[in-house]
Amino acid sequence: MLDRKYIVDNVEAVKQNCANRNISVDVDRLVELELQRRGKLQLVQDLNTQSNAESKKIGQAKDSEERESLKVSARALREQKDAAQAEHDVIDREIKELQLQVPNMAHSDCPVGVDDKSNLELARGKHTCREFDFAPLDHLELGEKHDWIDFEGGSRTTGNGFYFLKGDLVMLDLALQQFAMVELSKRGFTPTITPDLAQDSVLEGIGFMPRGPETQIYSIENMNLSLIGTSEITLGGLYSGKTIAESELPIRLCGISHCYRTEAGAAGRASRGLYRVHQFTKIEMFVFARPEQSDAMHEELRQIECDLFDAIGIPYRVVDTATGDLGGPAYRKYDLEAWMPGRGESGEWGEVTSTSNCTDYQSRRLNIRYKVKDKKGTHFVHTLNGTAFALSRALISILENHQNADGSVNVPECLQLWVGKSVIGQTPAAESA
RNA sequence: GGAAGAGUGGCUGAGUGGUCGAAAGCGCCUGAUUGCUAAUUAGGUGAACGAGUCAAAUCGUUCCGCAGGUUCGAAUCCUGUCUCUUCCGCCA
């Protein structure tokens, strides 16, 4: 959420930003209400001052007659105060509602455009898209062939969109997790296993709407808990309400959790197989930084994502997300899109990671501050997040890019230690050869 | 899951209706002093919001887990809720 003072002082910029992001919010109304509210607040405080002073006199009153007469006037003052406070609160609630709709400001370098058509390709990975001398299978066909992925069993036990992973694909999944955690801890990230559930207030702080009609979130009946859609939620929530010493920043965390998404309304061939599922595992990077660090931190996260996908030999492109395609909390967002040969007619780019700089948008809601030693006051930290591996999609990219004509799949060298094999899905004869 | 107890400032901890933003100690900061890797001593030391200022100073409001309530007035009484501790039960 943006600071009200900032909105009032930068009305035109905020309005332009809303337009760029294709979000309509009545900013003028918000500003008008906020100015009204400030006046009311002053009134409330004045009345409270008087009311407090009157109450104090009662304690020092000489006799009960004086006491009684003071009580009457003090009660009247309090009632006036309560009335003014109630008016203030009505205005405040309306402002808050509007304020929550205002998206974060966008980075000045963000491509401007109302949707993803304006996204800008910034770079390509180290590996080029492979030319196949056979007809490549998609990950579902490969998964069925080797009994690696069982959607039928998933829907029988749980429901449509759930799946079982089996056999060597599980080993590959775990290897990716292990590899990412090792790489990230080398780079100063603290490995973190988070809860898979979080309180609704934390979800809201991060920018998710847990209970609305179009929610992406599964929630628990009769409790204020929901299944998390990403460990960004729990990692951000970990510091909610805290004031961090400046010297501790930046704080780099890498979380592993299951992620749950209802995916209401998403369907179609582009969502086939593991691409869009209700549950997957994700390794997520999360950083708390000082404001002046956050741009550089964002580049660092992007570079790590590139390094990880370079390491597993996947061709990808880096996309700078256009204003209209940014989520509400993001100031700037980069996506890595991996080449998926089995996607669409003859291969397509598919989003595998996403890294956002949310500046102080989340920390303001979650009340996460930092303090500079020996200086008065506190400031909001900047928060950033980035995907290391979303396992389901990383698996798609490996299966489809590293498949062989016989349906076996080469294991990237950096993962072989944990998989225990250099090729998976070979016939027993080939394996012993 | 059952029972009992507790949640106060950076930390320990006092405070059961009015001068409490809150004793005391520790820590930290500033100064003094003794020439010795420290002791002694004086003073200072929370945050948010609003007003004010070039910036300060200053003033006001709020904050004693959280949310409500009672009252002229609440850290203190009442209700709900969360968390922690101990004991019991259950259990991978």
Could you give the distance separating [M] and [N] at their [atom1] atoms, to the nearest angstrom?
N: B:A14; M: B:A92; atom1: P; result: 41 Å
N: B:A38; M: B:C28; atom1: P; result: 11 Å
N: B:U45; M: B:G25; atom1: P; result: 15 Å
N: B:U62; M: B:G43; atom1: C1'; result: 29 Å
N: B:A75; M: B:A23; atom1: C1'; result: 14 Å
N: B:A22; M: B:C64; atom1: P; result: 14 Å
N: B:U12; M: B:A56; atom1: P; result: 34 Å
N: B:A47; M: B:A39; atom1: C1'; result: 35 Å

| query | What stem regions, each of at least 3 consecutive Watson-Crick or G-U pairs below 3.5 Å, can be found for RNA chain B? | reply |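 B:1-7 with B:82-88, B:10-12 with B:24-26, B:27-32 with B:40-45, B:46-51 with B:58-63, B:65-69 with B:77-81 - these are the stems of 3 or more pairs that involve RNA chain B.
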| said: Classify A:Gln42 by what it touches in the nucleic acid, base, sugar-phosphate, or nothing, heavy-atom distance under 4.0 Å. | reply: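 Since only primed, P, OP1 and OP2 atoms lie under 4.0 Å of A:Gln42, the category is sugar-phosphate.
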| said: Within the 4.0 Å heavy-atom criterion, would you say A:Lys5 contacts the bases, only the backbone, or no part of the nucleic acid? | reply: sugar-phosphate
| request: Give a yes or no on whether a salt bridge exists between A:Glu305 and A:Arg302, defined as a side-chain N under 4.0 angstrom from a carboxylate O. | output: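 No, A:Glu305 and A:Arg302 are not salt-bridged.
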| Electrostatic pair A:Glu152:A:Arg156 at N-O distance under 4.0 angstrom | yes
Considering just the side-chain nitrogens and oxygens of [X], establish if one lies under 4.0 Å of OP1 or OP2 belonging to [N].
X: A:Lys371; N: B:A47; result: yes
X: A:Ser55; N: B:U71; result: no
X: A:Asn52; N: B:U62; result: yes
X: A:Thr49; N: B:U61; result: yes
X: A:Arg78; N: B:U71; result: no
X: A:Asn48; N: B:G60; result: no

| field | Contacts of A:His258 that satisfy ring-ring contact (aromatic ring centres under 6.0 Å, His included) - sequence neighbours left out | value |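 ring-ring contact (aromatic ring centres under 6.0 Å, His included) check on A:His258 returns nothing, list empty.
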Take atom [atom1] of [X] and atom [atom2] of [N], then tell me their distance rounded to the nearest Å.
X: A:Lys71; N: B:C72; atom1: NZ; atom2: P; value: 6 Å
X: A:Lys242; N: B:G65; atom1: NZ; atom2: C1'; value: 13 Å
X: A:Leu70; N: B:U71; atom1: CG; atom2: C1'; value: 15 Å
X: A:Arg38; N: B:A48; atom1: CZ; atom2: P; value: 17 Å
X: A:His88; N: B:C49; atom1: NE2; atom2: P; value: 14 Å
X: A:Leu47; N: B:C72; atom1: CG; atom2: P; value: 17 Å
X: A:Asp46; N: B:G50; atom1: CG; atom2: C1'; value: 10 Å
X: A:Glu54; N: B:U61; atom1: CD; atom2: C1'; value: 18 Å

| Closest to side chain of A:Arg75, choosing from B:C72, B:G18, B:C49 |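 Of B:C72, B:G18, B:C49, B:C72 is nearest to the side chain of A:Arg75.
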| query | Which pair of non-hydrogen atoms, one from A:Leu227 and one from A:Ile217, has the smallest distance, and what is that distance? | reply |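 A:Leu227 and A:Ile217 have their closest heavy atoms at O-CG2, 3.6 Å.
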| request: Could you walk me through whether A:Arg343 and A:Asp138 pass the salt bridge (Lys or Arg N to Asp or Glu O under 4.0 Å) test, one step at a time? | output: CA-CA 7 Å; A:Arg343 191 170 156 81; A:Asp138 74 16; over 6 Å; no
| field | Criterion salt bridge (Lys or Arg N to Asp or Glu O under 4.0 Å) on A:Arg78 and A:Asp82, from CA distance to verdict | value | CA-CA 6 Å; A:Arg78 194 199 61 180; A:Asp82 286 348; 3.7 Å; yes
| said: Can a side-chain donor-acceptor contact be found between A:Arg369 and A:Asn367 if the only test is distance below 3.5 angstrom? | reply: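 A donor-acceptor contact under 3.5 Å links the two side chains.
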| Would A:Asp46 and A:Lys81 satisfy salt bridge (Lys or Arg N to Asp or Glu O under 4.0 Å), going step by step from the backbone distance to the final call? | CA-CA 9 Å; A:Asp46 286 347; A:Lys81 186 215 99 184; over 6 Å; no
Please list every donor-acceptor pair under 3.5 Å in which a side-chain atom of residues 379-393 of chain A meets a protein atom from a residue at least two apart or in another chain.
unit_1   : atom_1 : unit_2   : atom_2 : d
A:His382 : ND1    : A:Ser294 : OG     : 2.9
A:Thr383 : OG1    : A:Gln362 : OE1    : 2.7
A:Asn385 : ND2    : A:Glu232 : OE2    : 3.3
A:Thr387 : OG1    : A:Ser354 : N      : 3.2
A:Thr387 : OG1    : A:Ser354 : O      : 3.3
A:Arg393 : NE     : A:Tyr275 : O      : 2.9
A:Arg393 : NH1    : A:Tyr275 : OH     : 3.4
A:Arg393 : NH1    : A:Glu351 : O      : 3.0
A:Arg393 : NH2    : A:Tyr275 : O      : 3.0

| request: On RNA chain B, check which nucleotide each of A:Gln199 and A:Thr378 is closest to and give me the residue with the more 5' one. | output: A:Thr378
| Which sits closer to the 5' end of RNA chain B, A:Arg369 or A:Gln45, going by the nucleotide each is nearest to? | A:Arg369
